[in-house]
Amino acid sequence: RISITCVCPGGVYTEFLEQAGQSLNEAGHAHMMRAEDVALLTIEATLARKSVYVPGFENKLAAVLPRFMPSGFALRLAEMAMKRSVRRTPKV
């Protein structure tokens, strides 16, 4: 029997940030999940045959709350969260 799990992890701390010339502020570290944690939780969700999985309480909130607010407001909140969490790193 085949099953598929769609994983929606939100922010995951990986080397991609460095490659993109970005780094995390303190707020970013507090709200990003480690890739290892996401991977373990994803395996558990897949074995439990969940069709859609959002790991982490904050990610679950971020996935549900925009349904109850105007899209422009939700986008503005997401933009503010990103600006508080991620900064550009100067190229050397």
Side-chain angles (χ1 to χ4, degrees):
R1 188 168 146 190
I2 296 174
S3 71
I4 296 172
T5 302
C6 174
V7 181
C8 309
V12 179
Y13 186 72
T14 66
E15 64 276 355
F16 175 80
L17 284 171
E18 294 163 13
Q19 294 298 319
Q22 299 174 335
S23 60
L24 292 179
N25 296 327
E26 254 181 68
H29 281 286
H31 302 290
M32 296 275 253
M33 293 184 73
R34 293 176 346 125
E36 296 84 359
D37 296 334
V38 172
L40 287 172
L41 292 167
T42 297
I43 290 168
E44 291 173 7
T46 302
L47 293 174
R49 296 189 177 277
K50 293 186 179 185
S51 57
V52 177
Y53 179 63
V54 181
F57 178 73
E58 286 185 31
N59 293 328
K60 284 177 177 62
L61 273 179
V64 171
L65 285 180
R67 297 177 189 177
F68 302 102
M69 58 183 71
S71 58
F73 183 69
L75 286 171
R76 182 74 179 135
L77 282 177
E79 178 186 23
M80 288 170 28
M82 284 299 292
K83 284 183 178 178
R84 276 191 14 233
S85 300
V86 179
R87 66 178 170 266
R88 281 249 174 244
T89 352
K91 293 187 178 184
V92 182

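No experiment lies behind these values; they were computed from the predicted model shown. Along the sequence shown, residues carry numbers from 1.
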Residues 1-20, side-chain donor-acceptor partners within the protein, below 3.5 Å, at least two apart:
from, atom 1, to, atom 2, distance (Å)
Ser3, OG, Arg49, NH1, 3.2
Thr5, OG1, Lys50, O, 2.8
Thr14, OG1, Phe16, N, 3.2

Worksheet item: Within a strict 4.5 Å, meaning less than it, do heavy atoms of the Leu24 and Val86 side chains meet?
Response: yes
Item to complete: Name all residues meeting the side chain to side chain donor-acceptor pair (under 3.5 Å) criterion together with Glu58; count only those two or more places apart in sequence or in a different chain, and write none if there are none.
Response: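 Applying side chain to side chain donor-acceptor pair (under 3.5 Å) to Glu58 gives His31.
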Worksheet item: What residues form a side chain to side chain donor-acceptor pair (under 3.5 Å) with Ser23, not counting sequence neighbours?
Response: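 Ser23 satisfies side chain to side chain donor-acceptor pair (under 3.5 Å) with Arg87 once adjacent residues are dropped.
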Practice prompt. Output the rest of the hydrophobic cluster of Phe57: all Ile, Leu, Val, Met, Phe, Trp and Tyr residues reachable through side-chain heavy-atom contacts under 4.5 Å, sorted by chain and number.
Written response: Leu61, Leu65, Met69, Phe73, Leu77, Met80
Worksheet item: Other than Ile43, what residues sit in its cluster of Ile, Leu, Val, Met, Phe, Trp and Tyr side chains whose heavy atoms are under 4.5 Å apart, directly or through others?
Response: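 Members other than Ile43 - counting any ILVMFWY side chain reachable under 4.5 Å - are Leu47.
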Discussion item. Listing request: all salt bridge (Lys or Arg N to Asp or Glu O under 4.0 Å) pairs with a residue in residues 63-82, at least two apart in sequence or in separate chains.
Written reply: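 Counting only pairs at least two positions apart or across chains, the salt bridge (Lys or Arg N to Asp or Glu O under 4.0 Å) contacts touching residues 63-82 are Arg76-Glu79, Glu79-Lys83.
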Worksheet item: Should Tyr53 and Val38 be regarded as members of a common hydrophobic cluster, given that ILVMFWY residues are connected when their side-chain heavy atoms come within less than 4.5 Å of each other, either directly or indirectly?
Response: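 Yes, Tyr53 and Val38 fall within the same hydrophobic cluster.
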